[in-house]
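Report on one structure; see the data block that follows.
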Amino acid sequence: MSDKFEIFEVEVIAPNLIVIPQGSALQFLYNNIQIESNKILTLLNAPEISNVIIDLNRVEYLDSIIISCLTRLLQQAKQSGGQAVFCNACDNMQYILQSIKLGTLWPLFDTREEAIMSLSSN
């Protein structure tokens with residue numbers, strides 16, 4: 001299943017919820033970011049979903065508003081007993097994740113396939 005949103009693309013490949021940011025918050029209305037973020041949090045409550053994968057393949061930069069939304073998703077997955085990871089980050093995104101310490105809280109994988117395999121093996 002794939003849903004097209006304006007700010008995030010979302011794919012459900014149970015038990016994983018894959019979230020693909022489409023750009024920085026400067027491109028979107030703040031209210032729309034919050035609405036989409038809340039919709040995605042609701043998807044995470046589905047019984048067949050336990051993990052979150054943040055696929056960063058479409059962005060080279062994310063600002064604090066989008067990062068805050070993603071952090072809420074990652075925390076929710078962890079609080080619900082699931083796991084959360086990042087994948088497909090370009091060099092700049094890897095630097096940003098390391099700078100704000102998110103890279104130490106949630107693993108980063110080079111590819112989505114590696115992320116899925118890691119979640120499957122745990």
Side-chain angles (χ1 to χ4, degrees):
M1 175 183 123
S2 178
D3 291 323
K4 285 280 190 182
F5 291 97
E6 180 184 16
I7 298 131
F8 304 101
E9 183 176 330
V10 177
E11 297 177 24
V12 176
I13 303 173
N16 303 312
L17 180 67
I18 301 167
V19 180
I20 308 158
Q22 303 299 300
S24 72
L26 299 175
Q27 300 172 19
F28 308 108
L29 295 174
Y30 179 78
N31 191 46
N32 291 351
I33 295 169
Q34 295 305 313
I35 290 169
E36 280 193 26
S37 177
N38 289 336
K39 285 181 183 178
I40 295 169
L41 280 170
T42 301
L43 291 174
L44 190 53
N45 291 328
E48 68 274 10
I49 302 299
S50 55
N51 304 317
V52 173
I53 298 171
I54 307 296
D55 188 333
L56 299 169
N57 73 342
R58 297 201 184 140
V59 293
E60 292 190 24
Y61 170 79
L62 290 175
D63 50 38
S64 61
I65 294 170
I66 299 291
I67 289 172
S68 175
C69 292
L70 295 176
T71 302
R72 286 176 50 208
L73 294 172
L74 296 164
Q75 289 172 332
Q76 180 65 35
K78 194 172 187 177
Q79 290 171 356
S80 300
Q83 299 176 60
V85 298
F86 291 101
C87 68
N88 287 326
C90 67
D91 290 342
N92 190 54
M93 278 306 306
Q94 288 180 34
Y95 175 77
I96 291 168
L97 293 174
Q98 290 170 354
S99 296
I100 59 176
K101 307 292 188 227
L102 286 183
T104 60
L105 297 173
W106 294 285
L108 169 64
F109 294 92
D110 290 335
T111 67
R112 183 188 293 189
E113 292 75 24
E114 288 177 15
I116 291 171
M117 285 180 23
S118 170
L119 295 174
S120 299
S121 66
N122 290 325

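Index from 1, following the sequence. If you're wondering where the values come from, they're calculated on a predicted model, not measured in any experiment.
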| Set of side chain to side chain donor-acceptor pair (under 3.5 Å) partners for Glu114, sequence neighbours left out | none
| Where the side chain of Glu36 meets the backbone of Phe8, is there a donor-acceptor pair that is under 3.5 Å apart? | yes
| field | Check: Leu119 and Ile116 side chains under 4.5 Å, non-hydrogen atoms | value | no
| Rounded distance [0.5 Å steps], CG in Asn16 versus CZ in Arg112 | 10.0 Å
| query | Does Ile40 share a hydrophobic cluster with Tyr30, counting links as ILVMFWY side-chain heavy atoms below 4.5 Å and allowing steps through other members? | reply | yes
| said: Using 0.5 Å steps for rounding, measure from the CD atom of Glu9 to the CD atom of Gln22. | reply: 5.5 Å
| What are the two closest heavy atoms between Arg72 and Leu41, and how far apart are they? | NH2-CD1, 2.7 Å
| task | Give the minimum heavy-atom separation between Ala84 and Pro107, together with the two atoms involved. | result | O-CD, 3.6 Å
| said: Does Leu56 form a side chain to side chain contact (heavy atoms under 4.5 Å, CB included) with Leu97? I'd like the steps, not just the answer. | reply: CA-CA 11 Å; Leu56 299 169; Leu97 293 174; 3.8 Å; yes
| remark: Closest non-hydrogen atoms of Cys90 and Glu60, given as atom of the first, atom of the second and distance, are SG-CA, 3.7 Å
| request: Count the heavy atoms belonging to other residues, nucleotides or ligands that lie under 6.0 Å from CD of Gln27, then report whether that count exceeds 12. | output: yes
| Summary of side chain to side chain donor-acceptor pair (under 3.5 Å) pairs that have at least one residue in residues 84-100, sequence neighbours excluded | Asp55-Asn88
| Atom OG of Ser24 and atom CD1 of Ile65: how far apart are they, to the nearest 0.5 Å? | 9.0 Å
| said: Looking at Ser68 and Ser64, would you say the former's side chain and the latter's main chain have a donor-acceptor pair under 3.5 Å? | reply: no
| Do the non-hydrogen side-chain atoms of Ile67 and Ile96 ever get within less than 4.5 Å of each other? | yes
| task | Please report the closest heavy-atom contact between Leu62 and Gly23, naming both atoms and the distance. | result | CD2-O, 3.4 Å
| said: Are Leu105 and Leu74 packed together at the side-chain level, in the sense that at least one heavy-atom pair is separated by less than 4.5 angstrom? | reply: no
| request: Mind checking the CH2-CG spacing from Trp106 to Leu73? Nearest 0.5 Å is all I need. | output: 10.0 Å
| Stepwise side chain to side chain contact (heavy atoms under 4.5 Å, CB included) check, Ile35 with Lys39 | CA-CA 6 Å; Ile35 290 169; Lys39 285 181 183 178; 3.9 Å; yes
| Shortest non-hydrogen contact from Ile49 to Ala14? | CD1-CA, 4.3 Å
| request: Hey, could you give me the CD/OG distance between Gln83 and Ser120, rounded to the nearest 0.5 Å? | output: 9.5 Å
| task | With rounding to the nearest 0.5 Å, note down the distance linking CG in Asn51 to CG in Leu44. | result | 9.0 Å
| said: If I compare all heavy atoms of Pro21 with all of Val59, which pair ends up nearest, and what's the gap? | reply: O-CG1, 3.5 Å
